[in-house]
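Heads up: the structure comes next, in structure tokens.
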Amino acid sequence: MKVSVSTTFDITADKAWKIVKQSKTLSYITKGLISFKGVELFPTQWQAGQTENCTLLFFGFIPAWQHKLHFVDIDDNNYTISTREKGGLIQHWNHVIKVKYLSTQHCQYTDEIEIKAGLFTPIAWLYAHVFYRYRQFRWKGLIRNLI
């Protein structure tokens, strides 16, 4: 099943792209719903070909499962990141992040996710809708703090 969630950010595409590639951004935008045990081992900036392993913590304290996050591609020309992720009940969670220029002060940010989790796919799909809307809400707060 697929999920696509987009929003407009009040920031240039160049600035948004620089922030997207920082691992601390992932920790910030997911805080509250998911955190990562082992985040201190993440690199400062994501790199194509990199694979990160961590334990997911729901709500920051409930241990979930070992999660594998592989960065398939990071395209600085087209402002896209592609990951292949899996862990626990999730057989694959393929995620593409896109940043698109809209104007000198605005960009469109999109999360596209393809999910496969066997019988749990519909539940994971529903969770992804909530999770990525939450992430984009947190993104907007992060941008307001930067401006």
Side-chain angles (χ1 to χ4, degrees), residues 1-9 11-102 107-118 120-121 123-147:
M1 295 184 90
K2 294 184 179 183
V3 174
S4 183
V5 180
S6 295
T7 193
T8 300
F9 291 159
I11 192 172
T12 67
D14 287 339
K15 287 181 183 175
W17 181 243
K18 288 176 186 172
I19 298 167
V20 165
K21 295 191 305 179
Q22 298 174 10
S23 63
K24 67 181 180 182
T25 302
L26 177 63
S27 295
Y28 180 85
I29 64 174
T30 61
K31 186 177 180 178
L33 287 183
I34 289 181
S35 61
F36 307 89
K37 185 176 180 183
V39 70
E40 65 280 355
L41 302 175
F42 286 175
T44 303
Q45 185 170 309
W46 304 121
Q47 300 293 323
Q50 213 171 18
T51 299
E52 301 298 331
N53 292 295
C54 59
T55 300
L56 295 182
L57 301 169
F58 291 126
F59 309 110
F61 67 94
I62 301 171
W65 53 74
Q66 189 71 18
H67 190 72
K68 184 176 187 176
L69 175 64
H70 177 71
F71 289 84
V72 176
D73 186 47
I74 299 176
D75 185 339
D76 288 323
N77 295 319
N78 294 306
Y79 294 162
T80 61
I81 294 178
S82 299
T83 66
R84 300 292 175 255
E85 304 175 41
K86 64 181 178 178
L89 301 172
I90 307 299
Q91 295 158 355
H92 74 247
W93 186 282
N94 299 336
H95 183 198
V96 176
I97 296 171
K98 298 178 183 179
V99 176
K100 179 182 171 185
Y101 172 89
L102 293 179
C107 66
Q108 181 181 42
Y109 175 94
T110 302
D111 288 299
E112 294 177 350
I113 309 90
E114 181 184 353
I115 302 164
K116 184 176 180 184
F120 296 97
T121 300
I123 295 166
W125 178 84
L126 182 59
Y127 175 80
H129 274 281
V130 172
F131 180 63
Y132 284 97
R133 281 173 174 71
Y134 176 79
R135 281 174 47 130
Q136 291 182 14
F137 170 77
R138 296 275 299 168
W139 250 107
K140 288 184 176 187
L142 176 62
I143 291 167
R144 278 191 302 276
N145 289 335
L146 295 173
I147 297 175

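Numbers here simply count residues along the sequence, with the first being 1.
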Going from [atom1] on [X] to [atom2] on [Y], what distance comes out if it is rounded to the nearest 0.5 angstrom?
X      : Y     : atom1 : atom2 : value
Thr51  : Leu69 : OG1   : CG    : 8.0 Å
Thr121 : Ile90 : OG1   : CD1   : 7.5 Å
Phe36  : Leu57 : CZ    : CG    : 9.5 Å
Tyr132 : Thr30 : OH    : OG1   : 9.5 Å
Lys18  : Gln22 : NZ    : CD    : 10.0 Å
Thr44  : Lys21 : OG1   : NZ    : 12.5 Å

*Determine, step by step, whether Lys140 and Gln136 satisfy the side-chain contact (heavy atoms from CB on, under 4.5 Å) criterion, reporting the C-alpha distance in whole Å, the side-chain angles of both residues, the deciding distance to 0.1 Å, and the verdict.*
CA-CA 6 Å; Lys140 288 184 176 187; Gln136 291 182 14; 5.9 Å; no
*More than 12 heavy atoms of other groups within 6.0 Å of Phe42 CZ*: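 More than 12 within 6.0 Å, yes.
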*Evaluate the side-chain contact (heavy atoms from CB on, under 4.5 Å) criterion for residues Leu26 and Arg135: first the C-alpha distance (whole Å), next the side-chain angles of each, then the deciding distance (0.1 Å), finally the verdict.*
CA-CA 9 Å; Leu26 177 63; Arg135 281 174 47 130; 3.5 Å; yes
_Any donor-acceptor N or O pair under 3.5 Å, side chains Glu85, His70_ =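 The answer is no; no qualifying pair exists.
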*Between Asp111 and His95, is any side-chain donor less than 3.5 angstrom from a side-chain acceptor?*
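A donor-acceptor contact under 3.5 Å links the two side chains.
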*Would Gln108 and Thr8 satisfy side-chain hydrogen bond (donor to acceptor under 3.5 Å, both in side chains), going step by step from the backbone distance to the final call?*
CA-CA 4 Å; Gln108 181 181 42; Thr8 300; 5.8 Å; no
*asked:* Tell me if the centroids of the rings in Phe58 and Trp65 come within less than 6.0 Å of each other.
replied: yes
Least distance between heavy atoms, [X] atom then [Y] atom:
X      : Y      : result
Pro43  : Gln50  : CG-NE2, 2.8 Å
Ser27  : Val39  : OG-CG2, 3.0 Å
Trp139 : Val20  : CZ2-CG2, 3.5 Å
Ala48  : Ile74  : N-CD1, 3.5 Å
Ala128 : Trp93  : CB-CH2, 3.7 Å
Ser4   : Glu112 : OG-CG, 3.7 Å

*Should His92 and Glu114 count as side-chain neighbours, where that means a heavy-atom distance under 4.5 Å?*
yes
*Val3 and Ile115, any side-chain heavy atoms less than 4.5 Å apart*: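 The answer is yes; the side chains approach within 4.5 Å.
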Quick check: does any side chain N or O of [X] sit under 3.5 Å from a backbone N or O of [Y], one acting as donor and the other as acceptor?
X      : Y     : answer
Thr80  : Ile97 : no
Tyr109 : Ala16 : no
Asp75  : Asn77 : yes
Trp125 : Lys2  : yes
Thr25  : Ile19 : yes

*Please lay out, stage by stage, how Phe9 and Cys107 fare under the test side-chain contact (heavy atoms from CB on, under 4.5 Å).*
CA-CA 5 Å; Phe9 291 159; Cys107 66; 3.9 Å; yes
*asked:* Please verify the inter-ring angle class for Phe131 with Tyr127; under 30° counts as parallel, over 60° as perpendicular, anything in between as tilted.
replied: parallel
*Tell me, please, which residues at least two apart from Glu52 pass salt bridge (charged side-chain N to carboxylate O under 4.0 Å, His left out).*
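Here no residue qualifies.
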*Would Thr12 and Trp17 satisfy side-chain contact (heavy atoms from CB on, under 4.5 Å), going step by step from the backbone distance to the final call?*
CA-CA 9 Å; Thr12 67; Trp17 181 243; over 6 Å; no
